[in-house]
Trainee: 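Dropping a structure here in structure tokens format, bear with me for questions.
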Amino acid sequence: MLRAIYPGSFDPVTYGHMDIIERSHNLVDELIVGVLCNKAKMPLFSAEERVKMLKEVTKDLRNVRIIPFDGLLVDFAARMEAKLIIRGLRAITDFEYELQMSQTNHKLEPNVETMFLTTSIEYSYLSSTTVREIAAFGGDLSQFVPEAVAAALRKKMCTKGECNK
Ligand code: ADP
């Protein structure tokens, strides 16, 4: 049984993340999308909200589970009995950080490997940060996130007093 973890902030989930989930879940028996709770990062959406959105957009994928976590990724992997970490690589700017993280995780837990999927070209520019910025200015989000996520972003911007509609 090969279980993998795809960890991230997913603040919020984008078509770029969904592309990695869709391409990797068929490679393993079970894919756990690990939603990092880390409050120090001051996320726009709470962990509960991010989990809810991910559950909604992956509801048709039978071997995908969404689980929030805190603390070290290798400890979460051990708790989940996962031997594989999956990460997406966009540009060279991702590479340095990802290399450092994967080597550190391998030092901490030699039994867990990190596997990288290179981004699909149509999503290589896409990040949650960009999506949050477009939402803050009331831009069209339809090319970047599913409608359920776009609706949650519009609602969140209104509650923050940045309502554009
Ligand atoms: P983190 O805060 O850990 O960087 P993110 O939610 O930004 O988490 O991203 C989680 C993972 O998804 C990372 O491996 C990141 O490189 C990958 N990712 C993010 N956006 C894209 C995209 N557009 N295409 C492919 N991979 C992506």
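Starting from 1, each residue takes its place in the sequence as its number. Worth knowing before you read on, the calculation uses all heavy atoms, side chains too, and leaves out hydrogens, waters and symmetry mates.
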Trainee: What is the minimum heavy-atom distance between Pro12 and Arg132, and which atoms define it?
Mentor: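 What the structure gives for the nearest pair is CD-CG, 4.1 Å.
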Trainee: Would Asn105 and Leu108 count as a side chain to side chain contact (heavy atoms under 4.5 Å, CB included) here? Give the steps.
Mentor: CA-CA 5 Å; Asn105 286 334; Leu108 290 169; 4.3 Å; yes
Trainee: Do the side chains of Ile85 and Ile20 join up, straight or via other hydrophobic residues, at under 4.5 Å, putting them in one cluster?
Mentor: no
Trainee: Output, in order, the C-alpha distance, side-chain angles, deciding distance and verdict of side chain to side chain contact (heavy atoms under 4.5 Å, CB included) for Glu49 and Lys156.
Mentor: CA-CA 11 Å; Glu49 290 169 325; Lys156 179 66 79 177; 3.0 Å; yes
Trainee: I need the Phe144 CZ to Leu126 CG distance, nearest 0.5 Å.
Mentor: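 Going from the CZ atom of Phe144 to the CG atom of Leu126 covers 7.0 Å.
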Trainee: Indicate every side-chain donor-acceptor pair of residues 62-73 with a distance under 3.5 Å to a residue at least two apart or in another chain.
Mentor:
unit_1 : atom_1 : unit_2 : atom_2 : d
Asn63  : OD1    : His25  : ND1    : 2.8
Asn63  : ND2    : His25  : O      : 2.8
Asn63  : ND2    : Val28  : O      : 3.3
Asn63  : ND2    : Asp29  : O      : 3.2
Arg65  : NE     : Glu30  : OE2    : 3.1
Arg65  : NH2    : Glu30  : OE1    : 3.4

Trainee: Minimum heavy-atom separation for Tyr6 to Gly88, with atom names?
Mentor: CE1-N, 4.4 Å
Trainee: So which heavy atom on Ser102 is nearest to which on Leu99, and how close?
Mentor: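 The pair with the smallest heavy-atom distance is OG-O, 3.1 Å.
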Trainee: Mark yes or no for whether Arg50, through its side chain, and Ser9, through its backbone, hold a donor-acceptor pair below 3.5 Å.
Mentor: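 The answer is yes, because a donor-acceptor pair under 3.5 Å joins these two groups.
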Trainee: Count I, L, V, M, F, W, Y as connected when their side-chain heavy atoms are under 4.5 Å apart, and connections chain through other members. Are Val51 and Leu36 then in the same cluster?
Mentor: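 Hydrophobic grouping puts Val51 apart from Leu36.
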Trainee: Linking I/L/V/M/F/W/Y whenever any side-chain heavy atoms sit under 4.5 Å apart, do Met80 and Leu84 land together?
Mentor: no
Trainee: Is any NZ, NE, NH1 or NH2 atom of the basic residue among Arg79 and Asp75 found under 4.0 Å from an Asp or Glu carboxylate oxygen of the other?
Mentor: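 Looking at Arg79 and Asp75, the cut-off is not met.
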Trainee: OG1 of Thr129 to CG of Asp11: how many Å apart, nearest 0.5 Å?
Mentor: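 Nearest 0.5 Å value for the OG1-CG distance: 8.5 Å.
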Trainee: Give a yes-or-no answer on whether the side chains of Arg90 and Ser127 include a donor-acceptor pair shorter than 3.5 Å.
Mentor: no
Trainee: Between Met18 and Val57, is a side chain to side chain contact (heavy atoms under 4.5 Å, CB included) present by the stated rule, with each step listed?
Mentor: CA-CA 8 Å; Met18 286 170 65; Val57 301; 4.0 Å; yes
Trainee: Once you round to the nearest 0.5 Å, how far does CD1 of Ile86 lie from CZ of Arg23?
Mentor: 10.5 Å
Trainee: Report yes if some heavy atom in the side chain of Glu22 is under 4.5 Å from a heavy atom in the side chain of Leu61; otherwise report no.
Mentor: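 Glu22 vs Leu61: side chains touch.
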Trainee: Distance check, rounded to the nearest 0.5 Å: Glu147 atom CD versus Ser142 atom OG?
Mentor: 8.5 Å
Trainee: Should Leu54 and Ile5 be counted in the same cluster of Ile, Leu, Val, Met, Phe, Trp and Tyr side chains packed under 4.5 Å apart?
Mentor: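 No, separate clusters.
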Trainee: So Val112 and His106, do their side chains get closer than 4.5 Å, heavy atoms only?
Mentor: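 They are not in contact (no side-chain heavy atoms under 4.5 Å apart), so the answer is no.
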Trainee: Check whether any side-chain heavy atom of Ile32 lies under 4.5 Å from a side-chain heavy atom of Phe76, and answer yes or no.
Mentor: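 Yes, at least one pair of side-chain atoms sits under 4.5 Å.
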Trainee: Please report the shortest heavy-atom distance between Gln143 and Tyr125, naming the atom on each side.
Mentor: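 That closest heavy-atom pairing would be O-OH, 4.4 Å.
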Trainee: Would you check if the side chain of Arg87 reaches a backbone N or O of Met115 as a donor-acceptor pair within less than 3.5 Å?
Mentor: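 Here the side-chain-to-backbone pair does not exist.
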Trainee: Could you tell me which non-hydrogen atom of Ala150 sits nearest to which non-hydrogen atom of Val145, and how far apart they are?
Mentor: N-CG2, 3.7 Å
Trainee: Could you go through Leu89 and Thr119, starting from their C-alpha distance and side-chain angles, then the distance that decides it, and tell me whether this counts as side chain to side chain contact (heavy atoms under 4.5 Å, CB included)?
Mentor: CA-CA 6 Å; Leu89 271 185; Thr119 179; over 6 Å; no
Trainee: Are more than 12 heavy atoms from other residues, nucleotides or ligands located less than 6.0 Å from atom CE of Met42?
Mentor: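 Check fails, neighbour count at 12 or below.
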Trainee: Could you tell me which non-hydrogen atom of Met157 sits nearest to which non-hydrogen atom of Ala135, and how far apart they are?
Mentor: CG-O, 3.7 Å
Trainee: Which value, rounded to the nearest 0.5 Å, describes the distance between Phe45 atom CZ and Lys155 atom NZ?
Mentor: 10.0 Å
Trainee: CG of Leu153 to OG of Ser128: how many Å apart, nearest 0.5 Å?
Mentor: 9.0 Å
Trainee: Test of understanding: clusters of I, L, V, M, F, W, Y form through side-chain heavy atoms closer than 4.5 Å, transitively. Do Ile92 and Phe116 belong to the same one?
Mentor: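 Yes; tracing contacts between hydrophobic side chains, which count when under 4.5 Å, links both residues.
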